[in-house]
Peer 1: 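Quick one: structure below, then a few questions.
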Amino acid sequence: MASGPQFNLDHEVVYGTVEHVSPLVDRVTCENPSRFTFKGTGTYIVGTDDVMVIDPGPPEDGHVDALVAALDGRTVTHFLITHTHGDHSPAAATLKEHFDAPTVGFGPHPLDRPDPNASSDDEEAGFGFDEDDDEEPEEQVESENEGYKSDHAHDWDFVPDMVVAHGDVIQGAGFSVEALHTPGHISNHLCFSLADKHAQYDRSLFSGDHVMGWSTTIIPPPDGSLNAYLDSLRLLVPRDEAVYYPTHGAPITAPQALVPALLGHREARTEQILACLGDGIDTIKEMVLRMYTHVDKKLYNAAGASVMSHLLALHEIERITCSDDQPKPRSIYGLAV
Ligand SMILES: [Zn+2]
């Protein structure tokens, strides 16, 4: 595989304080680090006196208190929401008790809240790696199921006060923000492009979870779509923002190099999967064992999920066949003729 995207793991944060990341942009980071959120959720405050707040974060008291303090004496005009994952939008509801400003987003969560009484199909969910059969302590199973399967990973309650579509412009005081619809990670994902009226500062993009500098983006089924994600990356290629501010991780100062590298990384993975199928390797388990030879066994399930997102995308465009109606973790795959 060609050399992949250059990730930047160098990101020092001081939780709960205001960090000035540019003359127009401040950031307050929530102390919710994890393997999905890196050092935590970075909430951006854009503007000087009249400000927009981007991704208020999870509903954690300490973070909300830090934001209320950071916003003291300023006027909030809008709460901009990149998407409805639990580490991005829920604190908007609490902040609205302190600041009279509308929330702005593409729409509510695209999935229905799961029925807590519904039976789980987790037993079929594994890819069939040996450790699946091991007896695991309860806590470990719980932590394995964290992330996008867990209920608190989603904000089921969020409904934007202002619904925006691709290309809509939100006017601020001395600056404006253009909404870009960038589905893939989740179908209601927006990026926000900042332009100040006097073109005094570099054009910048608040990239949410669509483009991050520290990691690839997870495409969780069933709403995540690799094909949509790739299109949303291609949308950014001709654009001219000089810096990206992702919700997790450090600012991306060379987005014109990173975005094509992210695309190339996924395209190379797709080619590897097609090569596997060409060689008669027809299950996700066998593909992972062939493609991820240098990876710790503990990461096999994550690798399986990534391979699965590619197979879903290839199935959608009818490049491959599948033994089930829809790709499943233990389906048998083949090349379409
Ligand atoms: Zn997310």
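Just follow the structure's listing: the first ligand is 1, and inside any ligand the first atom is 1.
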Peer 1: Is the Zn ion (ligand 1) less than 2.8 Å from at least one N/O/S atom of His88?
Peer 2: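 It does not: His88 brings no N, O or S atom closer than 2.8 Å to the Zn ion (ligand 1).
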Peer 1: Is there an N/O/S atom in Asp87 that lies less than 2.8 Å from the Zn ion (ligand 1)?
Peer 2: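 Looking at Asp87, which is the residue asked about, there is no N, O or S atom under 2.8 Å from the Zn ion (ligand 1).
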Peer 1: Look at the side chain of Thr217 and the backbone N and O of His210, then say whether any donor-acceptor pair between them is shorter than 3.5 Å.
Peer 2: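 Judged by distance alone, yes, a pair lies under 3.5 Å.
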Peer 1: Hey, can you tell me if Phe38 and Trp214 have their rings parallel, tilted or perpendicular (30° and 60° cut-offs)?
Peer 2: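 Because their plane-to-plane angle is under 30°, the rings of Phe38 and Trp214 count as parallel.
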Peer 1: Could you check whether Arg113 pairs with Asp157 (Lys NZ or Arg NE/NH1/NH2 to Asp/Glu carboxylate O, under 4.0 Å)?
Peer 2: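 Result for this pair is yes, salt bridge flagged.
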Peer 1: Restricting to N, O or S atoms of His185, which is nearest to the Zn ion (ligand 1)?
Peer 2: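 In His185, the heteroatom (N, O or S) nearest the Zn ion (ligand 1) is NE2.
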Peer 1: Using only atom types and a distance under 3.5 Å, with no angle test, would you say the side chain of His181 pairs donor to acceptor with the backbone of Ser187?
Peer 2: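 The answer is yes, because a donor-acceptor pair under 3.5 Å joins these two groups.
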Peer 1: Could you tell me the angle subtended at the Zn ion (ligand 1) by ND1 of His85 and OD2 of Asp209, rounded to 10°?
Peer 2: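 For ND1 of His85 and OD2 of Asp209, the angle centred on the Zn ion (ligand 1) reads 170°.
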